[in-house]
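Just so you know, these numbers use all the heavy atoms, side chains as well, and skip hydrogens, waters and symmetry mates.
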Amino acid sequence: MDCFRLPKNRANKDPLFLTGVTFPSEYPASPETLVKLTVYDAKDKSQESSTFLGSATFSVGDLLRAKDERLTLSLRSSDGVCAAGAVVVSRLKMGEMEEVDVDHITTDIPSHKCPVVCESASHACIDRENNPLTGPVFKNPVCKVYRFQTVESKWMLVREQMEECTLSFSIPKQLLSLYIQEDMSRVQDLRELGELSPHWDNLRKEVMTRYGGIINSYQETLAELDKITGRSFKPSCCKAQKSLEFIPINLHTQRMRVTCPRKTDAFYDIVTVGAPAAHFQGFKCGGLQRLLSRYEAEKKSFSTAYQCIYYSPEHTAKAQEVLSTVSLLQPLITSLADQLLQAAQEHSSPGLRDALKNLSDKTEQLVHTLKDELVKSALLALHAARPGYVSKNQKQTPVQGGQHQGHIHQGSDQNQSPVQGLPGHSPATSVTENTAVCNNVDGSQTTTRGDGGLKHQDSIPHHKEYDEEEWDRVWANVAKCLNCVIAMVDKLQEEDNSKQEPLPEQQQLADVITSHNPGDWREQLHPPVTRLKECVMEVVEKAKRAMTFVLLQEAACSIPQGFFLQQRRDVVFSQALAALACGFVMRLYAGMQDKGFLRQLHLVGLVAQFESLLSTYSEEIGMLEDMEVGISDLQRVVFQITEAKTDDLSDLQPLVCGRRDHFTVEVPLPRLVFQTLPEEIRGGKPLRVFPVLFNVGINEQQTIAERFGDISLQERINQRNFEMLEAYYKSLSEKVPLECLPCFQTQTDIKELLETLGQNVVTKKKKNVEILWIAGTICRRLNGIRFTSCKSAKDRTSMSVTLEQCALLRDEHQLSKDFFIRALDCMRREGCRIENVQKNIRCRKYAFNMLQLMAFPKCYRPPEGTYGKVDS
């Protein structure tokens with residue numbers, strides 16, 4: 001049997017790459033089993049070109065009896081006479097490896113067994129497909145094993161394992177369903193706005209048509225994805241495929257496990273993924289960051305054309321937040337009110353107190369939400385958009401002689417805006433006190449201006465003509481109703497406990513509500529509770545209509561660009577969230593036994609550090625602009641750990657819920673595992689993630705950008721995210737003892753690392769990859785989640801991952817300096833990353849040419865024979 005097929009030794013030293021050998025169960029090995037080794041010089045592995053060097057034969061018994069568990073065998077030529085060198089065969093103790101297939105590339109063929117990996121320090125082996133903490137999420141592992149020499153001339157065992165992640169498809173599919181549900185709900189809200197003047201009704205119909213187009217497109221995409229079975233990653237050659245645009249490119253996890261003599265095993269995880277970007281839509285006009293900036297600048301002129309108020313992104317976000325909050329709180333308040341009545345019926349004082357406390361908290365939260373000035377202003381705008389609206393000034397100052405001045409047209413006289421200058425109707429004008437406005441039945445508008453004329457402004461207008469106190473009275477009624485409920489509960493409890501003296505004010509309020517004669521608790525409590533529920537329903541309906549009108553105006557003045565940008569943002573966010581969820585799950589599984597990590601997780605949250613190698617030139621600058629927004633949008637995501645319904649693998653898949661302004665990813669764990677978590681996590685506390693992005697371009701396009709172009713985008717991203725990382729560390733150091741953080745051999749203080757990173761960020765240095773190295777080191781020191789990206793996570797990413805792994809071996813495990821370059825070349829030539837290239841493009845060559853590599857930093861250049869011109 002051919003056991004080894006090694007590359008030719010270029011430095012006349014022993015190659016250190018190992019190929020594991022196993023004996024299948026149908027051919028059990030015994031001490032008498034003979035093994036024949038055949039060694040080749042693989043000049044060009046991609047072309048299967050090799051030259052026979054020699055062979056040797058030994059028995060398994062010889063290896064078992066050998067001193068130091070090692071045999072040195074002489075290789076013989078084909079005629080069995082000439083010696084062709086020697087080969088060393090070692091027996092490696094790697095635990096009870098059942099059905100181990102090291103260096104085996106898993107395929108999708110069901111008959112192939114996945115390799116088994118060592119997960120714990122004791123080398124106990126876990127079958128990935130059957131392990132409840134990995135089976136549902138990670139699959140199709142590829143494993144490589146190396147042996148490298150340390151500075152003490154001892155040997156370390158290094159295992160690389162790369163896996164696909166089922167979240168590549170499951171997260172985008174869930175997001176698509178949520179997008180469809182949210183947009184359908186938005187359409188329904190628009191329908192329920194009620195009767196509007198012809199101008200606004202036409203805009204509403206146009207906006208609803210746009211939403212309908214997005215819904216149909218997303219439904220088609222979801223149907224296409226549902227047809228795909230068995231796949232768990234998108235290869236780089238499909239990056240611009242329309243049906244797969246929501247799927248992250250080439251998403252994989254990679255773990256390096258290091259076993260050293262007399263030391264505890266260490267492992268290092270990283271997630272590799274193509275830059276989250278809208279490849280199908282292209283980058284002719286740039287990416288999201290540039291498009292959004294241009295869009296916000298142009299939206300003011302759009303709002304003038306459509307005669308809407310200009311709402312800033314903060315106002316729009318606030319409207320979405322109010323909608324989400326009131327939609328969540330109304331059913332919750334209703335349920336808590338029913339619980340209060342149930343406790344009253346059971347005559348349970350503790351039950352009354354608990355239900356009342358929860359009801360008070362949620363009702364006060366609702367009242368606080370509704371006090372926002374945006375709600376009041378939007379209600380006025382909606383009031384003015386009704387047919388036949390006449391302002392108070394119109395009633396007080398009739399138009400003389402039927403003379404109308406200052407008509408404001410939109411398109412034609414037959415389709416004009418209602419009130420120019422009212423909130424929701426103009427971004428830059430307001431009507432003075434001497435102006436009279438009315439909405440005619442045919443949708444035309446009449447405006448009479450006094451001496452004051454039109455006044456320009458950018459803020460939301462406020463109008464004395466409208467009774468603004470009406471809204472204040474409406475939401476204040478909710479607070480009054482709650483006070484009545486509280487007073488009644490106090491009265492009932494006082495009657496039940498004669499020892500407690502009643503508070504005079506509360507007693508007086510309760511006496512107004514009910515008689516002094518004690519009766520059935522539920523009967524006495526029912527009227528104020530019912531009134532509270534009615535007031536809540538009334539105020540929520542008004543608030544929902546007001547915020548829907550805000551979003552209608554925002555959508556109307558952004559047609560069609562705003563809808564295209566929303567779709568692009570949905571695509572980019574879907575890719576980013578799938579990667580983040582994959583990294584979070586991987587980090588959570590790895591830290592289940594680490595109490596310090598779990599404490600940090602619920603007290604502060606985790607930093608997710610994205611390393612990007614994109615250039616700031618040509619199309620890649622558009623990709624980087626997309627990626628910047630996508631990573632920033634991850635701040636709207638929280639995670640929650642839940643107890644799985646069953647231990648079935650299907651019940652252990654992470655679930656996504658929420659809306660575009662806020663998503664929650666629920667990660668189910670088996671019951672026995674869930675019970676070991678801290679109480680705060682088991683209680684459902686939202687777990688935050690702090691995404692940061694650092695970018696340094698390294699290819700020939702970056703050379704052009706640095707000499708003739710503009711790298712300000714990269715500089716701004718690095719500076720801004722350095723500040724975010726620094727703020728995270730400050731928060732972490734205030735809430736979590738630094739003893740909770742992992743220990744490393746390199747004892748450089750994190751503060752010093754941050755200072756060095758800050759200096760590098762502001763230093764004008766070409767291709768300053770030290771920024772990436774230091775940021776990655778800080779991330780690992782902070783228990784964070786590491787991500788590495790380039791355009792397809794295949795070529796430049798492979799160079800970065802292998803460099804980082806070898807640097808960790810050197811700094812943390814004393815890899816001999818003489819072996820550093822050899823180890824680096826070995827990983828790049830034979831390791832998991834070249835297998836990743838093979839999976840993506842069916843060719844074992846990195847997509848570089850010699851001219852490109854001349855522009856690369858030396859440590860990012862692959863070994864000869866591993867690169868060439870290929871379709872990527």
Problem set entry | Intermediate values then yes/no, side chain to side chain contact (heavy atoms under 4.5 Å, CB included), Arg191 and Met208 | CA-CA 9 Å; Arg191 287 198 184 102; Met208 289 170 62; 3.5 Å; yes
For this session: Can you see which heavy atom on Pro172 is nearest to which on Ala578, and at what distance?
Result: CD-CB, 4.2 Å
Problem set entry | Spacing of CG belonging to Asp661 relative to OG1 belonging to Thr316, to within rounding of 0.5 Å | 11.5 Å
For this session: For the pair Arg671 and Asp647, find out whether any cationic side-chain nitrogen is under 4.0 Å from an anionic carboxylate oxygen.
Result: no
Exercise. In terms of heavy-atom contacts, does CD of Glu679 have more than 12 from other residues, nucleotides or ligands at under 6.0 Å?
Worked result: no
For this session: Indicate yes or no: at least one non-hydrogen side-chain atom of Pro654 is less than 4.5 angstrom from one of Val585.
Result: yes
Exercise. Side chains of Gln653 and Pro668: does their closest heavy-atom pair fall under 4.5 Å?
Worked result: no
Exercise. More than 12 foreign heavy atoms under 6.0 Å from CD of Glu195: is that the case here?
Worked result: no
For this session: Mind checking the CD1-CE spacing from Ile486 to Met488? Nearest 0.5 Å is all I need.
Result: 12.5 Å
Problem set entry | Verdict with reasoning, Leu577 to Asp633, per side chain to side chain contact (heavy atoms under 4.5 Å, CB included) | CA-CA 9 Å; Leu577 181 59; Asp633 283 348; over 6 Å; no
Exercise. Of all residues at least two apart in sequence or in a different chain, which pass the side chain to side chain donor-acceptor pair (under 3.5 Å) check with Lys362?
Worked result: none
Problem set entry | Side-chain heavy atoms of Phe584 within contact of Val665, under 4.5 Å | no
Exercise. Yes or no on side chain to side chain contact (heavy atoms under 4.5 Å, CB included) for Val137 and Tyr589, after CA distance, side-chain angles and deciding distance?
Worked result: CA-CA 11 Å; Val137 176; Tyr589 289 174; 3.9 Å; yes
For this session: Kindly give the heavy-atom pair with the smallest separation between Pro691 and Asn721, and that separation in Å.
Result: O-OD1, 4.2 Å
Exercise. Are more than 12 heavy atoms from other residues, nucleotides or ligands located less than 6.0 Å from atom CD of Gln181?
Worked result: no
For this session: Apply side chain to side chain donor-acceptor pair (under 3.5 Å) to the pair Asp648 and Thr646, showing each step before the final yes or no.
Result: CA-CA 5 Å; Asp648 189 75; Thr646 70; 5.2 Å; no
Problem set entry | Partners meeting side chain to side chain contact (heavy atoms under 4.5 Å, CB included) with Ser327 (sequence neighbours left out) | Lys544
For this session: Please answer whether the main-chain N or O of Gly684 pairs with a side-chain N or O of Gln640 as donor and acceptor at a distance below 3.5 Å.
Result: yes
Exercise. Salt-bridged, Arg186 to Glu182, with N to O below 4.0 Å?
Worked result: yes
Can you give me every donor-acceptor pair (side chain of residues 329-345, partner residue at least two apart or in another chain, under 3.5 Å) with its distance?
unit_1	atom_1	unit_2	atom_2	d
Thr334	OG1	Gln330	O	3.0
Asp338	OD1	Lys533	NZ	2.9
Gln342	NE2	Glu346	OE2	2.9

Exercise. Measuring from Gln553:CD to Trp200:CH2, what's the distance to the nearest 0.5 Å?
Worked result: 4.0 Å
Report all side-chain donor-acceptor pairs from residues 349-359 shorter than 3.5 Å, counting only partners two or more places apart or in another chain.
unit_1	atom_1	unit_2	atom_2	d
Lys357	NZ	Asp361	OD2	3.3
Asn358	ND2	Asp354	O	3.4

Exercise. What are the two closest heavy atoms between Val536 and Val539, and how far apart are they?
Worked result: O-CG1, 3.2 Å
Seminar exercise, completed: On a heavy-atom basis, the closest approach of Gln567 and Ser217 is NE2-OG, 4.2 Å
For this session: Dump the intermediate steps for side chain to side chain contact (heavy atoms under 4.5 Å, CB included) on Ile214 and Phe563, then the final yes or no.
Result: CA-CA 8 Å; Ile214 293 178; Phe563 286 89; 3.5 Å; yes
For this session: Output all residues satisfying side chain to side chain donor-acceptor pair (under 3.5 Å) with Asp570, sequence neighbours left out; order by chain, then residue number.
Result: Tyr218, Gln566, Arg660
Exercise. Taking C-beta and beyond as the side chain, do Val689 and Gln635 meet within less than 4.5 Å on heavy atoms?
Worked result: no
Seminar exercise, completed: Sequence neighbours excluded, the answer for side chain to side chain contact (heavy atoms under 4.5 Å, CB included) partners of Glu192 is Gln188, Asp189
Exercise. Quick one: does Ser377's side chain have a donor or acceptor within less than 3.5 Å of a partner on Leu374's backbone?
Worked result: no
Side-chain donor-acceptor pairs under 3.5 Å in residues 593-606, sequence neighbours left out?
unit_1	atom_1	unit_2	atom_2	d
Asp594	OD1	Gly596	N	3.1
Asp594	OD1	Phe597	N	3.1
Gln600	OE1	Asn783	ND2	3.1
Gln600	NE2	Tyr728	OH	2.9
Gln600	NE2	Leu782	O	2.9

For this session: Taking salt bridge (Lys or Arg N to Asp or Glu O under 4.0 Å) as the test, write out the residues that go with Arg531, two or more places apart.
Result: Glu534
For this session: Give the minimum heavy-atom separation between Val367 and Ala479, together with the two atoms involved.
Result: CG2-N, 4.4 Å
Problem set entry | Close side-chain approach of Leu379 to Arg545, heavy-atom, < 4.5 Å | no
Seminar exercise, completed: Interatomic distance, CG@Leu178 vs CZ@Phe663, rounded to 0.5 Å, equals 5.5 Å
Exercise. How long is the gap from OG on Ser197 to CG on Leu203, to the nearest 0.5 Å?
Worked result: 8.5 Å
Seminar exercise, completed: Hits for salt bridge (Lys or Arg N to Asp or Glu O under 4.0 Å) against Lys735, two or more places apart or cross-chain, chain-then-number order -> none
Problem set entry | 4.5 Å side-chain heavy-atom contact, Leu482 and Ser360 | yes
For this session: Locate the shortest heavy-atom distance separating Val572 from Pro276; write the atom from each residue and the value.
Result: CG1-O, 3.6 Å
For this session: Mind checking side chain to side chain donor-acceptor pair (under 3.5 Å) for Arg659 and listing every partner two or more places apart, or none if nothing turns up?
Result: Ser324
For this session: Kindly write out the residues that satisfy side chain to side chain contact (heavy atoms under 4.5 Å, CB included) with Glu726, not counting sequence neighbours, or none if the list is empty.
Result: Phe722
Exercise. Going from CG on Leu176 to OG on Ser574, what distance comes out if it is rounded to the nearest 0.5 angstrom?
Worked result: 6.0 Å
Problem set entry | Backbone of Gln675 reached by a side-chain donor or acceptor of Glu643 within 3.5 Å | no
For this session: Compute both the distance and the angle, then confirm whether Arg636 meets the cation-pi test with Phe573: under 6.0 Å from the six-membered ring centre, within 45 degrees of the axis.
Result: yes
Exercise. Can you name the side chain to side chain contact (heavy atoms under 4.5 Å, CB included) partners of His368, sequence neighbours left out?
Worked result: none
Problem set entry | Min side-chain heavy-atom separation Cys481-Val478 under 4.5 Å | no
Problem set entry | Heavy-atom side-chain proximity of Leu196 to Leu382 below 4.5 angstrom | yes
